[in-house]
Amino acid sequence: MSLITAPVTSATGSDIKVRFCPSPTGTPHVGLVRTALFNWAYARKTGGKFVFRIEDTDSARDSEESYHQIVEALRWLGMDWDEGIDVGGPNEPYRQSQRGEIYQEVVEKLKASGHIYESYLSAEEIEARNLANGRAPQLGYDNSERDLSEADRQRYIAEGRQPALRLRVPDQDITFTDLVRGEITFPAGSFPDFVVVRPGGQPLYTLVNPVDDALMGVTHVLRGEDLLSSTPRQIALYNAMYEAGIASFIPRFGHLPFVMGEGNKKLSKRNPESNLFLHRDRGFIPEGLLNYLALLGWSISADRDIFSLSELCENFDVANVNPNPARFDQKKADAINAAQIRLLDPSDFEARLIPYLQSAGVLGKQLSEREKEILSMSAPLIQERITVLSEAVGMLGFLFEELEQIHFEPEALSGLPENAGDIVRAAALALASLEDFTTDSIQAALSTALVDGLGEKPRNAFGPVRVAISGRRVTPPLFESMEILGKAEVLKRLEAFAQSH
RNA sequence: GGCCCCAUCGUUUAGCGGCCUAGGACGCUGCCCUCUCACGGCAGUAGCGCGGGUUCAAAUCCCGCUGGGGUCACCA
């Protein structure tokens, strides 16, 4: 009969240590990002430490590419870590694939203390035993090798078998207080002695995850809800490590709700909105994405949902995380991102636009003086008009393009009045004699010529002019855009349009 | 199937026994502002899954039901 004897961590303040420990399979997922975010925010809130380690113990599924993407993701999002990948720390190395010897030692100690034992039965044999004993096959292993005789052991070895190693689980209910869900109890016998090391010595996640948390001194484990049912197993392992002198406490656990996709399905990797880099490519800014993700399961107050990362860090507490699953809503995410974009310092906003304009081919690698000038004049005009940064390409493109490159959108053309040509001709005429080609005087001249002169409604008067210079229905404010383009270019575009209409 | 988790507007979230004829945000609708689109402003739309308790009083506590989800690997 074995029982839990290990104490739970007493850490409550700056002695708290959390970690983010993804396994590098596939491209970073927004659910993964939210888990990292809550861990990071909790560390920053409490003044504790945030550890970043990689769980690459499955060589069949892990990839170096994914590893680099995860590191890049955290860097881009600005979630810094105190210990771990690249930055190092007292518990190196931080990639499990490089910690084999450490696990070996732990396994030896656990064997010596009698907490883990050799198991020779194959999956087929276990199933056969269950069938033979009238036990439901899905119950799995029956712990029958707990006290294997030396004779049986020798016989298996003589057959050339290699043993897996299983943890002897405590014969009692296992209760813990989940940081987001409260007290949870798993009845004794909920799970059998489980494999922690494969035949041949390969340690499994079931072993290495708690081992590393224990060795690294992790006090608070905040992770996805999918790991909830493995928690009692981990507590059992912690207890074994405690009794073997490897761990000094059991951490506290907090299971974060899922991020769901359409329907009632967990947002899967197949789902495009799960892909972090797709959001980045569309022009989500870290502030916007993180703000939105934080809202999935948490809120800063009853009547506010736009907040900065530092406000998040000041106010975050796992205890306030909502336990129910949240759906990823692209529209709301877009709205939050748009709000965060508007909050950006104008020069910062301008700088962030450049990569998007470059990758779309609107700007080259090096900006000319003229291009810099256009950008700095036009960026402020679109800061409150776009939702994601990539929209700047369509909004600003015409300011950088030559007349011949301008693409006239069908929807812009189709919305034009019959007399569009006449209106544009009148506009050209009015502007040709304008000395001072600035926003105000342009507006005054066009109003006089088109609204007063031709008797057109403003909407009808300026629409054709807008399309003539930009090819688009939606642009930054018209008169400002004209000032940026300059008189010669504007007249050129108006005349070209007038000729074809 | 066993075990575990979850349950407030379409979505997200506030609510932790009386402040709730349930608040905010996104979405949607209408109006205002207006050179387009936005921004901003105003108004509207819509919710406590069901049934029992406990209580003077329940969205809030308890039980049951229903519904969803997760997990039961020599994956992580």
Side-chain angles (χ1 to χ4, degrees), chain A residues 21-25 55-58 60-62 96 119 121-123 136 138-141 162-166 178 180-182 184-187 189-192 194-200 202 204-206 208-209 224-233 255 257-258 260 263-266 292 295-306 320 322-336 338-339 342 381-387 391 395 412 415 442-443 446-447 450-451 457-463 465-467 470 472-481:
Chain A
C21 52
S23 61
T25 57
E55 308 220 328
D56 51 352
T57 49
D58 184 356
R61 296 199 314 160
D62 298 330
Q96 291 184 330
S119 169
L121 258 22
S122 67
Q138 64 261 57
L139 254 31
Y141 186 61
Q162 281 197 312
L165 262 25
R166 289 182 187 269
D178 190 278
V180 346
R181 290 152 211 276
I184 297 172
T185 297
F186 287 79
S190 295
F191 51 92
F194 56 95
V195 173
V196 291
V197 177
R198 272 185 185 153
Q202 166 86 73
L204 296 167
Y205 163 83
T206 47
V208 300
N209 174 276
E225 186 187 340
D226 49 335
L227 271 339
L228 181 55
S229 49
S230 74
T231 303
R233 269 173 271 256
H255 290 91
F258 287 125
M260 312 287 280
N264 280 322
K265 289 266 189 269
K266 196 178 151 189
Y292 177 65
L295 253 16
L296 261 24
W298 184 77
S299 73
I300 193 162
S301 73
D303 56 2
R304 198 154 76 98
D305 58 11
I306 302 296
N320 298 128
N322 193 328
N324 44 339
R327 221 163 303 279
F328 187 93
D329 179 358
Q330 189 67 59
K331 285 221 178 94
K332 173 99 184 205
D334 284 356
I336 299 285
R342 276 175 242 133
L381 303 178
I382 63 166
Q383 190 165 358
E384 14 180 79
R385 302 183 138 69
I386 61 174
T387 297
E391 286 173 46
M395 282 277 206
I442 292 167
Q443 174 161 21
L446 291 181
S447 281
L450 309 179
V451 179
K457 286 206 178 316
R459 187 186 189 84
N460 253 358
F462 303 122
V465 176
R466 178 186 310 282
V467 173
S470 70
R472 294 173 50 92
R473 189 176 64 82
V474 177
T475 68
L478 179 61
F479 314 117
E480 284 85 343
S481 297

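Throughout, a chain's letter reflects where its sequence line sits, starting with A, and its residues are numbered from 1.
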*Treat primed atoms plus P, OP1 and OP2 as sugar-phosphate and everything else as base, then score nucleotides 12-25 of chain B 5' to 3': B for base contact with protein heavy atoms under 4.0 Å, S for sugar-phosphate contact only, - for none.*
SSS--------BSB
*Give a yes or no on whether the backbone of A:I306 and the side-chain of A:R304 come within a donor-acceptor separation of less than 3.5 Å.*
yes
*asked:* Taking the minimum atom-to-atom distance to the side chain of A:R342, which one of B:G70, B:C39, B:C4 wins?
replied: B:C39
*What is the pairing partner of B:G2, taking Watson-Crick or G-U wobble pairs with both distances under 3.5 Å in any strand?*
B:U71
*Between A:V180 and A:P477, which is nearer to the 5' end of RNA chain B once each is assigned its nearest nucleotide?*
A:V180
Tabulate protein N/O versus nucleotide N/O from nucleotides 72-76 of chain B, keeping only pairs under 3.5 Å, one per line.
{"unit_1": "B:C74", "atom_1": "N4", "unit_2": "A:L121", "atom_2": "O", "d": "3.1"}
{"unit_1": "B:C75", "atom_1": "OP1", "unit_2": "A:R198", "atom_2": "NE", "d": "3.0"}
{"unit_1": "B:C75", "atom_1": "OP1", "unit_2": "A:R198", "atom_2": "NH2", "d": "2.6"}
{"unit_1": "B:C75", "atom_1": "OP2", "unit_2": "A:R198", "atom_2": "NE", "d": "3.0"}
{"unit_1": "B:C75", "atom_1": "OP2", "unit_2": "A:R198", "atom_2": "NH2", "d": "3.0"}
{"unit_1": "B:C75", "atom_1": "O2'", "unit_2": "A:D58", "atom_2": "OD2", "d": "2.5"}
{"unit_1": "B:A76", "atom_1": "OP1", "unit_2": "A:T57", "atom_2": "OG1", "d": "3.1"}
{"unit_1": "B:A76", "atom_1": "OP2", "unit_2": "A:Y205", "atom_2": "N", "d": "2.9"}
{"unit_1": "B:A76", "atom_1": "O3'", "unit_2": "A:E55", "atom_2": "O", "d": "3.4"}
{"unit_1": "B:A76", "atom_1": "O2'", "unit_2": "A:S23", "atom_2": "OG", "d": "2.9"}

*Pairing partner (Watson-Crick or G-U wobble, both distances under 3.5 angstrom) of B:U54*: none
*Just by modelled atom types, is the A:P24 backbone N or O under 3.5 Å from a matching donor or acceptor in the A:D56 side chain?*
no
*Give a yes or no answer on whether the side chain of A:R233 reaches the backbone of A:S229 with a donor-acceptor pair at less than 3.5 Å.*
yes
*Atom C1', compared across B:U66 and B:G49: separation rounded to whole Å*: 8 Å
*Please give the nucleotide sitting opposite B:C39 as a Watson-Crick or G-U wobble pair, both distances under 3.5 Å, or none.*
none
*Assess the pair A:Y292 and A:F328: is the distance between their ring centroids shorter than 6.0 Å?*
yes
_Whether the side chain of A:R459 and the base of B:C35 hold a donor-acceptor pair under 3.5 Å is what I'd like checked._
no
*Please tell me which of A:P476 and A:L228 maps to the more 5' nucleotide of RNA chain B, matching each residue to the nucleotide holding its nearest heavy atom.*
A:L228
*Of all the choices, B:C4, B:C37, B:C35, which nucleotide is nearest to the side chain of A:Q443 once you look at every atom?*
B:C35
*Kindly indicate whether the side chain of A:R466 and the base of B:C35 share any N or O donor-acceptor pair separated by less than 3.5 Å?*
yes
*Which base sits across from B:A7 as a Watson-Crick or G-U pair, both distances under 3.5 Å?*
B:U66
*Look at all strands and tell whether A:F194 reaches a base, only sugar-phosphate, or nothing, counting heavy atoms closer than 4.0 Å.*
nothing
*Once you apply the 3.5 Å cut-off to both distances, tell me the Watson-Crick or G-U wobble partner of B:A22, or none.*
none
